[in-house]
Asker: 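Shown below is the structure under consideration.
Quick caveat: nothing in here was measured; it's all calculated off a predicted structure. Protein chains get the first letters and strands the later ones, always in sequence-line order, with residue 1 at the start of each.
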Amino acid sequence: MAVVREQGSKTVDKTTSIPPEIYREMGLSDVEYAKVAEALGRHPTYTEVGMYAVMWSEHCGYKYSRPVLRLFRKYREALEGGGLENAGVIDIGDGYGIVMKMETHNHPSAVEPFQGAATGVGGILRDIFTMGARPIACLNSLRFGSLDDPHNRYLFENVVAGIAFYGNCVGVPTVAGEVVFEDCYSGNCLVNAMSAGIVKIDEVASACASGVGNSVMYVGSRTGCDGIHGATFASVELGPDSESRRPNVQIGDPFTEKLLIEATLEALKTGYVIGIQDMGAAGITCSTCETAAKAGTGMEIDVLKVPRREEGMTPYEIMLSESQERMLAVVRKGKEDEVAAVFKKWGLNAVVIGHVTADGLVRVWEGDHLVAEVPAKSLADDAPTYYLEIEEPEYLKEVQSFDASKLPEPDDYNEALERLLDSPSIASKEWVYRQYDHMVQTNTVVLPGSDAAALRIRGTGKAIALVTDCNGRYCYLDPFAGAQIAVAEAARNLACTGARALGVTDCVSFGNPEKPQVFWQFKRAIEGLAEACEFFGTPVVSGNVSFYNETPDTAIYPTPVIGMLGLIDNVENRCTMEFEREGDVVALLTGRKAQADSDPETGICGADDIGGSEYLKVMHGVVAGRPPALDMDAEKRLHACLVDAVSAGQLSSAHDCSDGGLAVALAESSIAGGLGAEVGIVADCGASVALFGEAQSRAVVSLSADHLGELRELVDEHGIECTILGKVHGDRLKISVNGVTVIDRAVEHIGKIWKNAIPGRMESRV
Amino acid sequence: MKFGIIVFPGSNCDQDAYYAVRDVLNEPVEYIWHQDRNLKGADVVIVPGGFSYGDYLRTGAVARFSPVMEAVQKHAESGGYVIGICNGFQILCEAHLLPGALVANDCLRFVCKYVNLLPQSLDTPWTNQCREGQVLRIPIAHQGGNYVADAETIRSIEENGQVILRYCDERGCVTEAANPNGSMNNIAGIINERGNVAGMMPHPERAVESILGSTDGIAILKSIVGWGRRAKESGRIMAPAGAAGLG
């Protein structure tokens, strides 16, 4: 690409148009270019057009998703009120708030998995501590194609290694997450990084450039040529030439990030930092125009003052670089030295590059030459909004009308269970979380491997619980229902740990939104999320949208991942999934409308609950049917009952019954506890459905028989059902359906299968 | 006993060690910045875990040259107590305060998990609160914890009783399967000849509260408190010179 040096002086006076091939390559359409020229009242300079291209990309400008995202109440309120912050804050009492957010790094990870994933972690951490919060946990939600394909193994190995590289070094524990394998993610892996931090509610920092005359300070790493137009890259489909996009991928330096965390939190304590924002996508461009737009101010900076990694960088390159580990701080005039001293103590750059102005313009100088002069609001807030067409996808009718009842029952249910436990999506993720330091900071009180992770909050006697969740298959079959199930299941995971759900961050990935069928999926999924989040009282406080997750072969399943935060009132009363004691009663708690005439001994699940199941996929190679029905009201009652039962100390174990159904849930509790169980299921459906159907609103619990009476009282109080299944016993898992023993396996044997599924495929020891 | 915890840029277990000493041992404790040259009167110096200076060159290779390490060196030479945990162990080896070296795990990946440890030489400053045959359950979290040394060094530290912790199974058997990183002789922790300097890959500071899953790390930390206090009471401020007192 030709680099045009502006021959400007003290004013920008551009009378010639930027050639269409240049702005088109940057990602601007002809119409958008015309809008830029209209906003400026002249033609933009080369630097300006680059700034607009990146700020008006879908990645930064949400030009397609914004109308739909308004369905989220908090988002709507933020747009109408004070504007968006880097992440949302949830009050957990005692004067503390939890800041959390999740973000995708799909495209970079697809072409450079190690650095793509690593910088995903770095970026999300900066969103947290830029709010003044100390990061206390990382999570991630990953999707890959089948591990039978060596390229997918390469992506998986390096994404996990990249997350480990970054998260371990910065000293923030990676405590939970999910990893799912589906063919549609082959070549377009999803890498969602989430982080949560803690902040005193009254000390939340803002991304606001207020106070005319205040200094604009650049802190952190120097600026290099890496990641230029990363945000634009994230706004196109992946193709055969995506490998050539590798220079668009940023390089992470977790050591500098660790210093930046400490220095930023220390600098905020001085009280002289008025506003602060990390430089993520669109680098200096984004941080200058967003902080100014938010405050209704302008900003003047000189790119020659920006610490640079290489000689001869153009203003264009400096403004668009996505070099990592950098922040923009607005510092009270006269207090620059005090703030700089903190960063310098930590060995970081801290230089004044400009100041806040009153005229609403972001003015970029290169020494004496003015190279850009654009209204901050126009860049930050006036990205064109598109109301894209929607169309219900054709495939839906076909997949939804699939009749699973015609499928044969397996010859051997033991073998079916073993195949499910060997499915990498269900199998133990120990191979993954072993590589993450999940204990540093010594707050992790429920380690990875259970339904949700829990972290104590020092000095409060409380703990928070965190989880990520999404079943992409369900969302493919019905985006609305699938998205609601993601919310329900996340809250159920928290409830099994003993936590009340408080809030959600979402991180949704879809194909090309300009295709009406994809946009329909997006719209339906967001409608589902918004409704469920309102219903469960878990507002969406932050989020991220990733489109264009397509290769020429296929689009991904709609994948609206959510991260959810819950609160455990008494850290001592928390629960994990493993069977704990020989002789404990094993029961199934089911959130269902209590019907007077229903026989509590029947109806563990219905024939429809096999739709979209892991069983159908693994045993029959079928992704079809409808996702299991979700009764949100019943689901909510189940959560309340679980939380009460855990807080009352009634339960020895609690485990969400979801992917792989009841048999897998029982197997996991058995394997984790190293204890067998004898269980009898009474069902009016086929044994395969009873064992492997994924009916919602269910949890497998175990408890001492002494607590059974109290539990039954709670169950009645909450209007849910409790079905006694059997007891924890011996070293074998035995399950009968309607009196016929269909599963009988040594726990050690199935445990090996479950634990070796991923390492076996990755050909290495854990 | 006063504790000092070194803070290098990139240390990330400094706060965990601080909390363990302050809240569990109830002993006085202070952070010591890497550019400081005095140890603020600390009796016991903890060189904590993390990624000092990013560990980009070689684990611990840069940290050993920081100003504070001169003070730590002098402290150790005069018999003062020093313990390096994880990255701290790596730094102490790089600084030649401890023999041998720590190289990449044999699996070449980062490993974070609980391991079982068999304390050896129970009359050292660092293990005297452990019981014979006791198996300690303490987490590890590292990518470069594979202890190696030349044959002569291994022979001599084994003969001198300088190996204080070995990876073992839950029954206390030292097996290959129980070795998480390929360390020679399953070595997880060692001391110098004099016994006043220790290094270990496992994190005792992460195993000090039942809520975290184990309290077995307390034995290590209490050992030095008791030992140091007795030494003070008997008029010996510091550890004895030479290998005296080692089993």
Asker: State the NZ-OG distance between A:Lys258 and B:Ser11, to the nearest 0.5 angstrom.
Answerer: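 Those atoms lie 8.0 Å apart.
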Asker: Quick check on A:Val170 against chain B: is it the side chain, the backbone, both or neither that has a heavy atom closer than 4.5 Å?
Answerer: backbone
Asker: Please look at B:Phe8 and chain A and tell me whether the side chain, the backbone, both or neither of the residue comes under 4.5 angstrom of a heavy atom of that chain.
Answerer: neither
Asker: Quick one: closest heavy-atom pair of A:Lys345 and B:Trp33, and the distance?
Answerer: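 Residues A:Lys345 and B:Trp33, closest heavy atoms: O-CZ2, 3.5 Å.
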Asker: Indicate the atoms forming the closest heavy-atom contact of B:Phe51 with A:Asn168, along with that distance.
Answerer: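 B:Phe51 and A:Asn168 have their closest heavy atoms at CE1-O, 3.3 Å.
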Asker: Check the orientation of A:Phe255 and B:Tyr56. Use parallel for under 30°, tilted for 30 to 60°, and perpendicular for over 60°.
Answerer: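 Answer is perpendicular, since the angle exceeds 60°.
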Asker: Counting only non-hydrogen atoms closer than 4.5 Å, does A:Asn443 touch chain B with its backbone (N, CA, C, O), its side chain (CB onward), both, or neither?
Answerer: backbone
Asker: Tell me, yes or no, whether the heavy-atom count around B:Lys40 atom NZ, taken from other residues, nucleotides or ligands under 6.0 Å, exceeds 12.
Answerer: yes
Asker: Test side-chain contact (heavy atoms from CB on, under 4.5 Å) on B:Tyr19 and A:Gln441; report intermediate values, then the result.
Answerer: CA-CA 10 Å; B:Tyr19 288 130; A:Gln441 297 191 9; over 6 Å; no
Asker: Does anything in residues 84-95 of chain B reach chain A? List residues with heavy atoms under 4.5 Å apart, or say none.
Answerer: none
Asker: If a pair satisfies side-chain hydrogen bond (donor to acceptor under 3.5 Å, both in side chains) and one of its residues is in residues 211-226 of chain B, list it, with sequence neighbours excluded.
Answerer: none
Asker: Please find the pair of heavy atoms, one from B:Cys13 and one from A:Val440, that lie closest to each other, and give the distance.
Answerer: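 Minimum heavy-atom separation between B:Cys13 and A:Val440: SG-CG2, 4.2 Å.
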Asker: Compare every heavy atom of B:Leu212 with every heavy atom of A:Thr444, then report the nearest pair and how far apart it is.
Answerer: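 The answer is O-CD2, 4.0 Å.
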Asker: Counting neighbours of CD on B:Gln35 that are heavy atoms of other residues, nucleotides or ligands and sit closer than 6.0 Å, is the number greater than 12?
Answerer: yes
Asker: Looking at A:Thr256, A:Asp253, A:Val571, which makes the most heavy-atom pairs under 4.5 Å with chain B?
Answerer: A:Asp253
Asker: If you measure from the Lys or Arg side-chain nitrogens to the Asp or Glu carboxylate oxygens, is any gap between B:Lys113 and A:Asp437 under 4.0 Å?
Answerer: no
Asker: Tell me the salt bridge (Lys or Arg N to Asp or Glu O under 4.0 Å) pairs involving residues 11-29 of chain B, sequence neighbours left out?
Answerer: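 As it turns out, the salt bridge (Lys or Arg N to Asp or Glu O under 4.0 Å) pairs with a partner in residues 11-29 of chain B, which skip direct neighbours, are B:Glu27-B:Arg229.
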Asker: Which bit of B:Glu205 is near chain A, if near means a heavy-atom gap under 4.5 Å: side chain, backbone, both or neither?
Answerer: backbone
Asker: Kindly check if the number of other-residue, nucleotide or ligand heavy atoms within 6.0 Å of CZ (A:Arg309) is above 12?
Answerer: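 Correct, the count exceeds 12.
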Asker: Need one label for A:Glu257: side chain, backbone, both or neither, based on atoms under 4.5 Å from any heavy atom in chain B.
Answerer: neither
Asker: Go through the steps for A:Arg456 and B:Glu209 under the test side-chain contact (heavy atoms from CB on, under 4.5 Å), then give the verdict.
Answerer: CA-CA 12 Å; A:Arg456 57 115 169 250; B:Glu209 296 173 76; 2.8 Å; yes
Asker: Are the side chain of B:Asn12 and the backbone N or O of A:Cys169 linked by a donor-acceptor pair below 3.5 Å?
Answerer: yes
Asker: Looking only at heavy atoms, which of residues 457-465 of chain A get nearer than 4.5 Å to chain B?
Answerer: A:Arg458
Asker: Quick one: does any side-chain atom of A:Arg434 pair with a main-chain N or O of B:Cys112 as donor and acceptor, under 3.5 Å?
Answerer: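 Looks like yes, one N/O pair under 3.5 Å.
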Asker: Below 4.5 Å from any heavy atom of chain B, which atoms of A:Phe165 appear? Answer side chain, backbone, both or neither.
Answerer: side chain
Asker: Just how far is it from atom NE2 of B:His203 to atom OG1 of A:Thr442, taken to the nearest 0.5 Å?
Answerer: 11.0 Å
